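These values consider heavy atoms only, across backbone and side chains, with no hydrogens, waters or symmetry-generated copies. Nothing here was measured: the structure is a model prediction, and the numbers come from that model.
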Amino acid sequence: MGWLKNRQHMAVMFSRIKVLVAWLSPIFLIGTIFVTMMCSRLLPLWHPIADEIEYLGYAYTLAHEGTYAQRTAGPQADTTPGREPLYPALLAVLFKLDPRLHVLTREDIFSGAPQAVEAFAVIRYLNALLLALTALITGATIRKLSAGWAAAGIGMFYLLMNLQANKDLTHVISDYLAMTLSSILGLAFISVLKRPNVRNHALCAFVLALLCLTKTIFVLLVPIILAPYCIAAIVHKNGKLLLLMSLMALVIALVLGGWAMRNGQRYGVYALSDQRSAIVLSTREALNHMTAAEYWTSFIIWTRGFGDDLAKKYIAPVHWRRFDNEAEDGFYIQGQFTNVTQRIGQLKKSGLTQREADARLSGIVIEEILRHFPRYLATMLPVFYRGLWSDEFVIFGFPAFVYIVIVSFRRRDYVVLAGMIVPLASLMFYTAFSLNVPRYQYTAIPGFALAAGLVLQRLLDKKCGVLSTALHAVMNWQSYHKAPRFPH
């Protein structure tokens, strides 16, 4: 019976360890956030450019004038809705709280004055905080899926030690906020399936709306989420599902509809942000004109690290030159500026105003994509491949993600699949409708981390199963040989 006593002692020991972990958890949480924020100090200061200046302009006006705009008066006053509002609103809080940011003038921000660049350093702490929160939420999600602490730790480690995802912490970009919201939304989806009550549905819809106010592209996720409720409610004649769907639709409509109404009343455009979809689609459509040699070169040049140098060393310049963002006839310049200007010019010649031409542009680009749809589908593969390199551990994380999605689908484990909805949407949407610059897929990395943790848990379960079987065999063998022998 000695082996039974040993098992009892081990059970007591593990229960004490659980109590210790519970007590140390708050310290661990605070430590994780603190260490991540301090590590961000190692990154060099960054001079904001392009979109970053726009975010700072909106934040400045919101903090000092209480209005969401880059400029509220004068000949340069805003005439369009502008960028998605949630990240600039978060920056506006920093402008209020940090004295160095608060004393900056608008000219300091737009001219990139030295004191402004130094003041912007505080933004890296905000981004680091968002990254640490993403790691903690991912760990909590893994635990909610009944995985152990080791699996949760791997999920958190995956994000915190992800150097590729950490390299942009000094940049003024909304991707870290989107990453945090995507991890919260994944946890909310899981909570909805585990406990389908009114509170969880309302919270899920609210977080989805916030994600849309950070990255407008995720508006496409709204009908994907609501459609199953509608179908199930009709097929099963379930009034409760219809009510829950209506609740989610109402919450999303109040948040997104309210902002669209504000933009409509102020600028005459009922939209969440600037109508940049036409420009984004135009940039994506430009890639449809790759030659066969450029198509295969794209896989090399978009490989992180050595790919760019390898292509330029061994491949003729004619096959990689158009991937350079500065090239006049490059895909980026053609899609963002040249093609857009030409199409707008043709529309205005037909008698349309600037606003009418802008509104028609998306339709024209979509027609062009549909006209060469097989080429569009073919280019999705290298564009998809490009976005994967946002992840430092992609060679482990992406296969783990694919494995978990396939296994969960085959087992009809919809709870786990719910946690993968946002990363799946991110991978599909950005591949289909944008250049899929690697940082766009920051919203997919929490899904890869979640999958890595779950794969580890499966490996541990199998290993523990083998060890348990072996232990029982040894114990049974010892019991048999220690049993008293009676002569026949």
Side-chain angles (χ1 to χ4, degrees), residues 48 50-59 61-63 68-70 80-95 123-124 126-135 137-138 159 165 168-169 171-189 203-225 248 251-260 262-263 271-277 280 387 390 421-430 433-434 436-447:
D51 296 354
E52 298 172 280
I53 297 293
E54 291 186 20
Y55 283 127
L56 290 167
Y58 290 117
T61 308
L62 188 59
Y68 186 77
Q70 287 208 63
T80 59
R83 294 275 176 178
E84 298 93 333
L86 197 58
Y87 186 64
L90 203 56
L91 292 177
V93 175
L94 278 186
F95 271 85
I123 295 173
R124 63 187 173 188
L126 171 63
N127 290 336
L129 174 62
L130 293 170
L131 178 62
L133 288 175
T134 304
I137 293 162
T138 301
L159 283 158
D168 291 326
L169 288 175
H171 291 241
V172 188
I173 53 177
S174 61
D175 300 87
Y176 289 105
L177 176 58
M179 180 193 285
T180 303
L181 290 172
S182 70
S183 63
I184 296 173
L185 186 56
L187 181 57
F189 283 145
L203 179 62
C204 181
F206 182 67
V207 176
L208 177 55
L210 292 182
L211 181 58
C212 294
L213 290 179
T214 306
K215 296 287 186 181
T216 308
I217 195 168
F218 285 100
V219 170
L220 298 171
L221 190 55
V222 174
I224 295 175
I225 297 302
M248 294 182 73
V251 172
I252 293 170
L254 287 174
V255 178
L256 301 186
W259 186 253
R262 175 261 184 192
N263 291 335
L272 298 180
S273 61
D274 278 343
Q275 294 178 318
R276 296 174 53 85
S277 58
V280 174
S390 63
I421 290 175
V422 180
L424 280 170
S426 179
L427 291 169
M428 290 188 297
F429 295 163
Y430 283 116
F433 306 117
S434 78
N436 204 19
V437 175
R439 67 177 173 84
Y440 291 175
Q441 292 303 342
Y442 282 0
T443 44
I445 296 179

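Between A165 and I445, the shortest heavy-atom distance links the atoms CB-CD1, 3.9 Å. What you find for P88 and A59 is that their closest heavy atoms are O-CB, 3.5 Å. Closest non-hydrogen pair, M248 versus I225, comes out as CE-CG2, 3.9 Å. Among all heavy-atom pairs drawn from S273 and T216, the shortest one is OG-OG1, 3.3 Å. Among all heavy-atom pairs drawn from P446 and T134, the shortest one is CG-CG2, 3.7 Å. Here the closest non-hydrogen pair linking L272 and C212 is CD1-O, 4.3 Å.
Between the side chain of T180 and the main chain of L130, a donor-acceptor pair closer than 3.5 Å is present. Between the side chain of Y176 and the backbone N or O of Y442, no donor-acceptor pair lies under 3.5 Å. A donor-acceptor contact shorter than 3.5 Å links the side chain of Y87 to the backbone of I173. At distances below 3.5 Å, not a single donor-acceptor pair connects side-chain atoms of T214 with backbone N or O atoms of A178.
Classification of the Y68-Y58 ring pair by plane angle, with boundaries at 30° and 60°, yields parallel.
To the nearest 0.5 angstrom, I184 atom CD1 is 11.5 Å from C204 atom SG. Atoms CD and CG, on Q441 and N436 in that order, are 4.5 Å from each other to the nearest 0.5 Å. Distance check: F206 CZ to L254 CG gives 10.5 Å after rounding to the nearest 0.5 Å. To the nearest 0.5 Å, the span separating CG on L210 from CG on L177 amounts to 8.5 Å. The CG atom of D51 sits 11.0 Å away from atom CG of L56, with the distance rounded to the nearest 0.5 Å. Taking CG of L203 as the reference point, atom CG of L208 lies at 11.0 Å (rounded to 0.5 Å).
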Given L185 and L221, is the side chain to side chain contact (heavy atoms under 4.5 Å, CB included) satisfied, shown in steps? CA-CA 12 Å; L185 186 56; L221 190 55; 4.3 Å; yes

Mind running side chain to side chain contact (heavy atoms under 4.5 Å, CB included) on I217 and Y440 for me, showing each step along the way? CA-CA 11 Å; I217 195 168; Y440 291 175; over 6 Å; no

Step-by-step side chain to side chain contact (heavy atoms under 4.5 Å, CB included) determination, L211 to V207: CA-CA 6 Å; L211 181 58; V207 176; 5.7 Å; no

List the steps and the verdict of side chain to side chain contact (heavy atoms under 4.5 Å, CB included) for D175 and D168. CA-CA 9 Å; D175 300 87; D168 291 326; over 6 Å; no

For S426 and T443, run side chain to side chain donor-acceptor pair (under 3.5 Å): C-alpha distance rounded to whole Å, both residues' side-chain angles, the deciding distance at 0.1 Å, then the answer. CA-CA 6 Å; S426 179; T443 44; 2.7 Å; yes

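At least one side-chain heavy atom of V422 sits less than 4.5 Å from a side-chain heavy atom of F218. Side-chain contact between K215 and L181: absent, with no pair of heavy atoms (C-beta onward) separated by less than 4.5 Å. The shortest side-chain heavy-atom distance between M179 and L131 falls under the 4.5 Å cut-off.
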